[in-house]
Amino acid sequence: MTRDATTWLLYAQIAAYGYFLYGFGPLVPLLREEQHTSRFVASLHGTAFSVAMLLCAPLFPRLVARFGRGRTLWGAIGSVAVGSLALALAHGTVQTLGATLLTAFCGCLTLTAIWPSLSDHHGAAGPAAISEANAAMSGMGLLAPLVTAALVDAGFGWRPGIALTAVLVLAVVLLGRVLRTPLPEGPSPAAEPAPPVRPAPGGEPAPGGSLPLFLAALGVIVAVAGVEMCLTQWQSDYLQGHAGVSPAGATAAGSALVVGIFVGRLFGARFTLRFAAPVVLIGSLGVSAVGFALFWASTVPAVAVTGLVLCGLGMALQFPMAIVLVLSTATNGVDAASSRMGYASGTAFGAAPMLLAALSDRINPSVGYLLVPLLLVLAAVLAALIHRARKPAPAPVPAPATTPELQP
């Protein structure tokens, strides 16, 4: 895979939003304490991400058709800076929800434009580029929980940390002006043809236009997005209540999850060039299952944090491989498929953390967190079905040649 100026610019854009995305999850318990609300009310901030994705899904193809991917992407990432500053200045629940909705909507537009851009720009190496882009996002996300925890511990609160998003976006804008490289525009969604049939990693055929496989791939998006949102949004709350970690320590421990994600995405890209996406996905789900068992069961902080690292290692390739499955089974072009991922991930982002919070409030957090292994199993089953359906049929064995019997 060749990484040119366009690749690095796309990586920088997704990294800037990654700081906000991964830094926001540990803020939810802090917002709950500051605003004196229940877990369910605090989880509405996760619902704001869901609503933003559902709004983004139908609007993205129209924006691309009118302005192109490049202008849509620059407008979206610039608006992320505005939204993050609004959140840093907000105080009441309604204000923080509104600022979260704005930033999440613009961030969703950013991601939805980047996935097909990388896929078009890198062709057969698209899965590796998408995995590396996610590594850039999670790598920058390593800083957010640590910065927030340091500021909270020093008495400054969480607001300066989230406002740093605007500074990172400004740096990306300056990088774009320096590089002066055009972004992949792609065809308009109305005229975009179905993706061609071409071999996928591992020699597996990737049949475009298969609606059942496309729906199954969207189901994988729902499952893995639900796992990621549950762990990023509520892991610090669970560490405080189950393992007795302090609020600042639990916020900083959010970096353990992101460390695993970053390392997995950084070194996992090579697996995507050698094995089929469903195979990589199923393996990563198994790693997450082992890590979750340690995190969920242990009351020793060090063991629980180790489990979070393993969860992150598994999660690293789950969403990138789910994206690959959606794009490779698209029935109406990659831009339309990328926008439909917004419906799937938006549903998961809203429903999963709210369901976990409701179960935690009504029963206890240990029971609520059992939602995570259920989602891991669902993703594994769907990935196995896709892998089985995409396996090439065995070639028929030719009948052995026969020699006619000699007649006496």
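Values below: every heavy atom of this structure, side chains too, minus hydrogens, waters and symmetry copies.
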Closest heavy-atom pair and its distance - [X], [Y]:
{"X": "Ala15", "Y": "Ala136", "answer": "CB-O, 3.6 Å"}
{"X": "Ile282", "Y": "Ala383", "answer": "CG1-CB, 3.8 Å"}
{"X": "Ala316", "Y": "Gly260", "answer": "CB-O, 4.2 Å"}
{"X": "Ala166", "Y": "Leu85", "answer": "CB-CG, 3.8 Å"}
{"X": "Ala163", "Y": "Ala88", "answer": "CB-CB, 3.9 Å"}

Review point. Knowing that exactly one of Val309, Val305, Leu308 qualifies, which makes a side-chain contact (heavy atoms from CB on, under 4.5 Å) with Leu257?
Key: Leu308
Practice item. Report yes if some heavy atom in the side chain of Asp120 is under 4.5 Å from a heavy atom in the side chain of Arg69; otherwise report no. Key: yes
Is there a donor-acceptor contact under 3.5 Å from the side chain of [X] to the main chain of [Y]?
{"X": "Trp296", "Y": "Ser366", "answer": "yes"}
{"X": "Gln318", "Y": "Ser284", "answer": "yes"}
{"X": "Ser288", "Y": "Cys311", "answer": "yes"}
{"X": "Tyr369", "Y": "Cys230", "answer": "yes"}
{"X": "Ser298", "Y": "Phe295", "answer": "no"}
{"X": "Arg159", "Y": "Ala90", "answer": "yes"}

Check your understanding: Does the side-chain contact (heavy atoms from CB on, under 4.5 Å) test come out yes or no for Cys106 and Ile77, once each step is laid out?
Key -> CA-CA 7 Å; Cys106 299; Ile77 193 65; over 6 Å; no
Exercise for review: Verify whether one side chain among Thr96 and His45 offers a donor that lies under 3.5 Å from an acceptor in the other.
Suggested key: yes
